[in-house]
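Below, all heavy atoms of this structure are taken into account, side chains as well, without hydrogens, waters or symmetry copies. The sequence lines fix the lettering, A, B, ..., with proteins before strands; numbering per chain opens at 1.
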Amino acid sequence: MTTVEKTDVLIVGSGFGGAIAAYHLSAGGAKVTVLERGPWLQAEEFDHDYKLGSSFTRIFDFVVGDGMSVLGGNCVGGGSVVYFATMPRAPRFVFHRRGSIGRPMWPATITRDTLDPWYDRVAEALPITTTPWDQVPYAGGLWAAACNHAGRTANPAPSAVDLSLCTNCNWMMAGCRFDAKRSLLLNYLPAALSYGAEIRPLHEVQSLTRNHDGSYRVHYRIVDGEDYRVLHDAGEIDAKIVILAAGAGATPVILRRSEPQLGTMPYAVGRYFSGNGERLNTAVFDEDRVRDVLGLTREGGKAYEAYQIGRGPTVANWDHLDGSLPEYERFSLEQLYFPPALGTILAQVPDATGPSWFGMEKKELLRRWQSWLTIFVMSEDDNEGFFGPLPETGNANRFSQQMLGHGPLRYTPTANTRRGWALADAEIKDILERDGLARVMPWTNDLVGAYTVHPLASCRIGDDPATSALDDRHELRDHPGIFVTDGSAVPGALTVNPASTIAALAERAMPGIVAAARARGVNVRYGAPSPDGATAGRRAVANTV
Amino acid sequence: MPLGNAEHDPDQILVLEAFADTIVPGAKRSPEDRAIAGVVDDPGAVEAGAVTLLGDPAGGLAPALEVAAMELDEYATEYAREHDLTLDADVPPFVALSFADRTALVARLCAPDHPEKQMWVGLALFSNMAYDSGAHLSTTEALSTGHPGLLGIGFAPPQEDGLWRFPRFSYGRQLADLHPHTTSTGSPS
C-alpha cells in the first residue's frame with residue numbers, strides 16, 4: 001500500500017500569493033510544500049530570444065478565452081518573473097467601489113489606510129523604489145512630454161527594478177537576465193527555501209478532495225518539461241491547510257473541478273472575473289514633430305525612435321484617478337512596451353482604407369515600429385467575466401507546446417466597461433494627436449477578444465456571501481482550511497497595476513492563515529521579518545495583528 | 001524543417017504562402033512567383049519564414065495545415081463564384097485570387113462571427129510572428145543573417161555577447177509636473 005505524502009501547508013502556485021505564504025509559514029515553523037505547474041528558471045536561463053522554446057515561451061502563458069485572453073506567468077515566481085515590476089498602490093477610491101453589485105465590493109475592514117502598512121511590508125521586501133527622472137527611458141519621457149504639452153501631469157511609477165543593474169533591454173517578459181527585476185526569485189522564495197519550504201516545479205494541481213479528519217488531499221499531474229501538452233504521472237499530497245494561488249485564470253478552475261468531491265462552491269467561484277479594465281492603444285509618432293513641438297532630441301540626432309529601449313512601463317498619467325469622478329470614468333494611462341511576436345498583430349493602422357490589422361498598410365505601420373508608443377489603459381470594468389465548461393486538465397486546452405492555449409473564460413464587456421474604454425481612448429487621442437505629434441488607434445478586440453495581463457476577482461474576498469467567494473481573511477466560504485491569496489481574491493479592477501495590491505493583501509492575510517493553521521494543529525507562529533531580515537515593516541504591522 | 005502534413009504537397013505550400021503574403025505582403029521571389037502577389041517592393045512574411053514557422057511542431061498548427069489549405073481553396077472557389085470571377089486553373093484557387101480578393105476573403109474568415117475564426121486568426125498570428133519576431137529562429141541568428149522582418153521593423157541588434165543593453169536610454173530630465181496628490185512612496189493617493 002502506498003503512503004500518501006503529508007505536509008502541513010500545501011500551496012498551489014508560486015507567484016505573489018504563493019511565495020509570500022510560503023515564506024511566512026515556513027519561517028514560522030510549518031512544513032510547507034509549493035506545487036508550481038511551470039518550470040524553475042534562474043537568471044542565466046532567461047534568454048534574449050523570441051524562438052519557440054526559449055524562456056519567452058517557457059515561462060509565459062497566453063490563454064485565449066471567449067471574449068477575453070489572459071497573459072500570465074507560468075514558472076516558479078509566477079507573474080513576478082514575467083511582469084514589468086510596476087508597483088503603484090491602488091488609489092483610495094478603489095476600496096469604496098460598488099461595481100456591478102451596487103454595494104461595497106471590498107470588505108469593510110480593508111481601506112487604503114488599513115492596507116498601507118501591508119503595502120509597506122511588500123515595498124520593504126522586494127524592494128519597491130521611486131524612479132528619478134534621469135532614469136526614465138525615452139519612451140516614458142516621450143509620454144511625459146506629450147502629457148505636459150497637453151496640460152496633463154505625468155508620474156514615473158514606483159517599481160521593483162534595481163536601476164543599478166538594469167540595462168534597459170526590454171526583454172523582461174522573458175525573465176530578467178541581469179537580476180535587475182526584483183522578482184520573487186530574489187526575496188520571498190529563497191527565504192522560504194532557507195526555512196525548509198519545498199518548491200516542486202512542473203506539478204500542475206488538478207483538484208482537491210477532503211479527508212475524514214478535515215484535512216485536504218491535493219491531486220496533481222507532472223507536466224512535461226518541454227511539451228506542456230503532455231502530462232505524466234499523477235500524485236497526491238495531504239495537507240492540513242491548502243492555499244490556492246494559481247492565478248485568477250486557474251484558481252477558480254481547480255475549485256470548480258473539485259466541487260463534486262468537496263461540495264457546493266460559493267456562487268462567486270469562477271464568477272465576477274475582472275480584466276482590470278485593460279486596453280491598449282498604439283501611437284506612431286512623427287519624429288519631426290517630436291523634435292519641433294516637444295523639443296526632444298537624443299544621441300545620433302534622433303528625436304525618439306526608441307520604442308525598443310527601456311523596461312516596460314515607466315511613466316503614467318493619473319489625472320483621471322479622481323475619486324470625485326463617477327465610477328467607470330476613472331482610469332490610468334501608462335506608457336508601455338509590448339514586444340513583437342504576440343501583440344503587434346492587434347495594433348491597428350490609424351485611418352486605414354483597407355484592413356486595419358493586416359496587409360499593406362499594416363506593414364507600413366510595422367516599418368515605423370521604433371516610433372511606436374503603446375499606452376496601457378487600466379480602468380474600471382464590470383466584473384463581467386465567468387468561467388464556462390472546464391478543460392479536462394489544467395486551465396486551458398494547450399494548443400502549442402508552450403504558451404498558447406484555449407481556456408474557459410467568457411467575457412462580454414458591458415456598456416459601463418466600454419464607456420470607460422471609450423473615454424480613455426479619447427483622452428489618449430487628445431493628448432497624442434495634438435499638434436500632429438502622432439496618430440493613435442486602440443488595439444482590435446476582434447481577434448482574441450479583450451485581453452488582460454492582470455486577471456483579477458474570479459474568487460474574491462468580500463462581506464457579502466452572495467457575491468464573494470472568500471471572507472475578509474481569504475478563507476473559502478463553507479470550506480474551512482482552504483485559502484486563496486492570489487489576484488483572484490482582489491474584488492475588482494484597481495485602475496493601476498495590481499501586483500503591489502495582490503502582494504499587500506497576501507501579506508495582510510498571513511496572520512489569519514497562521515492562526516488557522518495553529519487551530520488545525522500546526523506548530524507555527526506569525527512574525528517573520530522581511531526576507532532579508534529587515535524589521536521596519538514587521539514593527540509597523542505589529543499593532544494590527 | 002518539414003511542413004507538417006503538407007510536407008509533400010507543393011500546392012498546399014503555395015496556398016499557405018499566399019495566405020501569409022496576405023497578412024504581411026512581400027516582393028515576388030521571381031517573376032514566376034504566383035504565391036506572393038508582389039504588391040510591395042521588399043520581403044514579407046513568406047521570405048521571413050512563415051511556412052517554416054507554421055509547420056513547426058512546437059507551434060501547434062502543423063497538424064491542421066493540410067485541412068486549412070484545402071479549406072482556403074474551397075472558400076476561394078466559393079468566393080470566386082459569388083463575385084463571378086474565373087480562376088486560373090494552373091494554380092490552387094486561393095493562389096489564383098488577386099491580392100485584393102485574398103484580402104477580402106481573409107478579412108471574412110477572421111471576422112468575429114466566423115465559425116472557424118480561431119483557426120484563421122491562429123494562421124494570421126503565426127504569419128505575423130514569422131515576420132516581426134522570426135520565432136522559428138534564434139533572434140541573434142535571425143538578425144545576423146538578415147531576417148527581413150526584424151530588419152524591416154528596425155529591431156536594434158544585441159551587443160557582442162548576444163545580449164541587449166542600451167547604455168543611453170533617457171532624455172535625462174523632468175518632462176512633466178507630477179500629479180499633485182502623489183504620495184511620498186510615488187503612488188496615487
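If you tally non-hydrogen atom pairs under 4.5 Å between each of A:T153, A:T131, A:T495, A:N170 and chain B, the highest count goes to A:T153. Between chain A and the options B:L125, B:V24, B:D177, the largest number of non-hydrogen pairs under 4.5 Å is found for B:D177. Interface summary for chain B: among A:R92, A:R298, A:Q402, the most heavy-atom pairs under 4.5 angstrom belong to A:R92. Put simply, of A:E305, A:R177, A:M403, the one with the most heavy-atom pairs under 4.5 Å next to chain B is A:R177. Heavy-atom pairs under 4.5 Å with chain B were tallied for A:S54, A:G140, A:A144; the largest tally goes to A:A144. Most heavy-atom pairs under 4.5 Å with chain B: of the set A:D47, A:D319, A:D120, A:N317, this distinction falls to A:D319. Comparing B:G152, B:G162, B:S138, B:P180 by heavy-atom pairs within less than 4.5 Å of chain A, the highest count is held by B:S138.
How far OH of A:Y50 is from NE2 of B:H136: 15.0 Å, rounded to the nearest 0.5 Å. Atom CD of B:Q159 and atom SG of A:C169 lie 10.5 Å apart (nearest 0.5 Å). Put simply, OG1 on B:T103 and CZ on A:F358 are 5.5 Å apart, with the number rounded to the nearest 0.5 Å. For the atom pair CZ of B:F169 and CG of A:N168, the computed distance is 4.5 Å after rounding to the nearest 0.5 Å. Between the CZ atom of B:R168 and the NZ atom of A:K302 there is a distance of 11.5 Å, given to the nearest 0.5 Å. In this structure, OG in A:S400 is found 4.0 Å from CZ in B:F126, a value given to the nearest 0.5 Å.
Taking the side chain as every heavy atom from C-beta outward, B:L175 and A:V136 never approach each other to under 4.5 Å.
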Worksheet entry | CA sep, side-chain torsions, deciding dist, call: A:K363, B:D42, side-chain contact (heavy atoms from CB on, under 4.5 Å) | CA-CA 10 Å; A:K363 190 178 182 190; B:D42 59 341; 2.8 Å; yes
Discussion item. Could you go through B:Y171 and A:W133, starting from their C-alpha distance and side-chain angles, then the distance that decides it, and tell me whether this counts as ring pair (Phe, Tyr, Trp, His ring centres under 6.0 Å)?
Written reply: CA-CA 9 Å; B:Y171 292 116; A:W133 281 100; over 10 Å; no
Fill in: B:D161 and A:H48: CA distance, side-chain angles, deciding distance, side-chain contact (heavy atoms from CB on, under 4.5 Å) verdict
CA-CA 11 Å; B:D161 62 357; A:H48 286 189; over 6 Å; no
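Contact of A:A303 with chain B is made through the backbone alone, with heavy-atom distances under 4.5 Å. Heavy atoms of B:F155 lying under 4.5 Å from chain A belong to its backbone as well as its side chain. Heavy atoms closer than 4.5 Å to chain B are found nowhere in A:S332, neither backbone nor side chain. Both the backbone and the side chain of A:Y304 come within contact range of chain B, judged by heavy atoms closer than 4.5 Å. With a threshold of 4.5 angstrom between heavy atoms, A:P158 approaches chain B through its backbone and through its side chain. When heavy atoms are compared at a cutoff of 4.5 Å, A:H149 does not approach chain B at all. Within the 4.5 angstrom heavy-atom criterion, only side-chain atoms of A:F178, from C-beta onward, approach chain B. Of the two parts of A:R89, the backbone and the side chain both hold a non-hydrogen atom closer than 4.5 Å to a non-hydrogen atom of chain B. Neither the backbone nor the side chain of B:E141 comes within less than 4.5 Å of any heavy atom in chain A. The contact between A:R112 and chain B is made entirely by side chain atoms (from C-beta outward), counting heavy-atom distances below 4.5 Å. For A:T344, the parts lying under 4.5 angstrom from a heavy atom of chain B are both the backbone and the side chain. Residue B:V39 touches chain A through both its backbone and its side chain, counting heavy-atom pairs closer than 4.5 Å. If you measure heavy-atom distances from A:V496 to chain B, the contacts under 4.5 Å come from the side chain alone. Contact of B:L61 with chain A is made through backbone and side chain together, with heavy-atom distances under 4.5 Å. At a 4.5 Å heavy-atom cutoff, the contact between A:Q135 and chain B is made by backbone and side-chain atoms alike. For a residue to count as touching a neighbouring chain, one of its non-hydrogen atoms must lie under 4.5 Å from one of that chain's; by this rule A:A306 does not touch chain B. In this structure, no portion of A:R398 lies under 4.5 Å from any heavy atom of chain B.
In this pair, A:W171 and B:W164 present their aromatic rings tilted. The plane angle is within the 30 to 60° band.
Around atom CD of A:E287, more than 12 heavy atoms belonging to other residues, nucleotides or ligands sit under 6.0 Å away.
Formation of a donor-acceptor pair under 3.5 Å by the B:S170 side chain with backbone atoms of A:Y138 is not found in this model. No donor-acceptor distance shorter than 3.5 angstrom exists from the side chain of A:T167 to the backbone of B:R165, with no hydrogens or angles considered. Within the 3.5 Å criterion, the main-chain N or O of B:T139 finds no donor-acceptor partner in the side chain of A:K51. A:Q308 places a side-chain N or O within 3.5 Å of a backbone atom of B:A156 that can act as its donor or acceptor partner. Judged by distance alone, with hydrogens and angles left aside, the side-chain atoms of A:N155 form no donor-acceptor pair with the main-chain N or O of B:L178 at under 3.5 Å.
Remark: A:D446 does not engage B:K117 in a salt bridge, criterion side-chain N to carboxylate O under 4.0 Å.
The ring pair (Phe, Tyr, Trp, His ring centres under 6.0 Å) analysis of residues 54-110 of chain B, with sequence neighbours excluded, yields the pairs B:Y75-B:H114, B:Y79-B:H83.
For A:R121, the side chain to side chain donor-acceptor pair (under 3.5 Å) test picks out A:Y526, with sequence neighbours left out. Residues meeting the side chain to side chain contact (heavy atoms under 4.5 Å, CB included) test with B:A124, sequence neighbours left out: A:I345, A:W357, B:F19, B:I23.
The two residues A:L447 and B:C110 come nearest to each other via the heavy atoms CD2-O, 4.2 Å.
A donor and an acceptor atom, one from each side chain of A:D49 and B:T140, are nowhere located under 3.5 Å apart.
Of all residues in residues 181-189 of chain B, those placing a non-hydrogen atom less than 4.5 angstrom from a non-hydrogen atom of chain A are B:T182, B:T183, B:S184, B:T185, B:G186, B:S187, B:P188, B:S189.
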